[in-house]
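Down below is the structure, laid out as C-alpha cells.
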Amino acid sequence: MPELPEVEALRVFLDENLTGKEIARVLPLAVSVLKTYDPPLTALEGGTVTGIARRGKFLDIGAGPLHLITHLARAGWLHWKDSFPAAPPRLGKGPLALRTVLTGGDGFDLTEAGTTKRLAVYLVHDPAEVPGIARLGPDPLDASFDRDAFAALLAGERRRIKGALRDQSLIAGIGNAYSDEILHAAKMSPFTLAASLTDDDITRLYTALRTTLRDAVARSCGVPAGKLKAEKKSGLRVHSRTGEPCPVCGDIIREVSFSGFSLQYCPTCQTCGRPLADRRLSRLLR
C-alpha cells in the first residue's frame with residue numbers, strides 16, 4: 001500500500017506536471033471506484049488544476065472550488081500518460097479504474113490490481129466531506145508535530161505500539177511497512193504497550209519516526225511515478241524481508257502473521273533476541 005512517503009512523492013510529481021493545466025474529462029471505468037455523485041465528474045470539465053495536496057494517504061487535486069480526492073488503498077496506483085489511445089477504454093475491463101485527460105492530451109490513469117477493489121475517488125467541495133479525511137490525526141511531518149505532541153497522542157494509549165502507529169485517526173499516513181521500519185530504527189518491539197513507554201522510549205521512537213519518514217520522502221521525491229514502488233521496496237530494511245539478514249546486526253528477520261497482514265522485525269535489534277509468537281488470526285494488534 002502506498003504510504004505517506006510515496007503519496008508525498010506523487011503529490012510533488014503531480015504538482016509539477018498537473019498544476020495550471022485544464023481538465024478535458026474524467027472517466028470512471030470501474031463501478032466501485034467513485035464514492036460520490038454530487039457534484040458529478042463532468043463538473044471538472046474545463047476546470048484548471050490549482051494545486052495538489054496530500055492528506056495522510058489521500059491525494060487531493062484542487063480545481064477551483066472542487067477537490068478530486070483519491071485513496072489508492074492496497075493495490076491502487078497512478079500512471080502518468082503523455083498521450084492516450086484514440087479508442088475509448090472499455091468500462092470494467094482490466095485494472096483500469098479512472099482516467100483523467102487534460103486538454104493538452106496528457107493526463108493520468110488510476111489502476112487497481114487484484115479482485116479486492118478498495119481504490120476510492122471522491123469529488124467534493126470540502127476535503128472534510130471525505131470520511132477518511134475527517135477522521136485523520138495530525139501529519140507526522142508537519143512542523144507542529146514535535147516530540148511533546150507525539151507524547152500527548154500516546155498518553156493513555158492501551159494498545160501495542162505497532163497498532164497505534166498504524167491508526168490513521170491517531171497519526172496520519174503511516175501504514176504497515178513504515179511502522180515496521182520505524183520500530184526497527186527505534187529498536188523497539190512491535191508488541192510493546194504504548195502505555196509502558198518511558199520518556200526516553202518516546203524520544204527514541206519520535207526521532208525514529210521523523211527520520212524514517214523524512215529519509216523515505218527524500219528518496220522518493222523526484223523518482224518517476226512508475227518507479228516509486230521499486231524505490232520504496234529498495235529502501236526498506238525489515239518490512240517484507242522475512243528470512244533475510246538484518247542490515248544492522250546480521251540476525252535473521254522474522255515475521256508474525258495476522259489475519260490480513262504481517263509484520264517483520266529483527267529479534268536482536270528489537271526483542272532482546274527473543275522471537276515473537278506467531279499467532280495467526282491473533283487480535284493483539286487490532
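Values below: every heavy atom of this structure, side chains too, minus hydrogens, waters and symmetry copies.
For residues 35-49, no pair satisfies side chain to side chain donor-acceptor pair (under 3.5 Å), with sequence neighbours left out.
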Ignoring hydrogens and angles, write down the donor-acceptor pairs under 3.5 Å from the side chains of residues 212-225, residues two or more places apart or on other chains.
| unit_1 | atom_1 | unit_2 | atom_2 | d |
| --- | --- | --- | --- | --- |
| Thr212 | OG1 | Ala208 | O | 2.7 |
| Arg219 | NE | Glu231 | OE2 | 3.3 |
| Ser220 | OG | Ala216 | O | 2.9 |

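In this structure, the side chains of His239 and Lys233 stay at 4.5 Å or more apart for every pair of heavy atoms. In this structure, the side chains of Ile253 and Pro245 stay at 4.5 Å or more apart for every pair of heavy atoms. Taking the side chain as every heavy atom from C-beta outward, Leu98 and Leu27 never approach each other to under 4.5 Å. You'll find the side chain of Leu18 reaches within 4.5 Å of the side chain of Leu102, heavy atoms only.
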- Run the numbers on His67 and His125 for side-chain contact (heavy atoms from CB on, under 4.5 Å), then give the verdict. CA-CA 6 Å; His67 297 261; His125 288 95; 5.9 Å; no

- Task: Kindly determine whether Arg55 and Asp139 satisfy salt bridge (Lys or Arg N to Asp or Glu O under 4.0 Å), including the steps that lead there.
- Result: CA-CA 8 Å; Arg55 305 178 190 279; Asp139 191 291; over 6 Å; no

- Please report the C-alpha distance between Lys232 and Glu3 in whole Å, then the side-chain angles of each, then the deciding distance to 0.1 Å, and finally whether the salt bridge (Lys or Arg N to Asp or Glu O under 4.0 Å) criterion is met. CA-CA 10 Å; Lys232 175 181 180 179; Glu3 300 180 31; 3.7 Å; yes

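Residues Arg159 and Asp167 are paired through a salt bridge, judged by an N-O separation under 4.0 Å between the basic side chain and the carboxylate.
Put simply, CZ on Phe150 and OG1 on Thr207 are 9.5 Å apart, with the number rounded to the nearest 0.5 Å. Between the CG atom of Leu59 and the CD1 atom of Ile69 there is a distance of 9.5 Å, given to the nearest 0.5 Å.
By the side chain to side chain donor-acceptor pair (under 3.5 Å) test, Asn176 pairs with Lys162, sequence neighbours left out.
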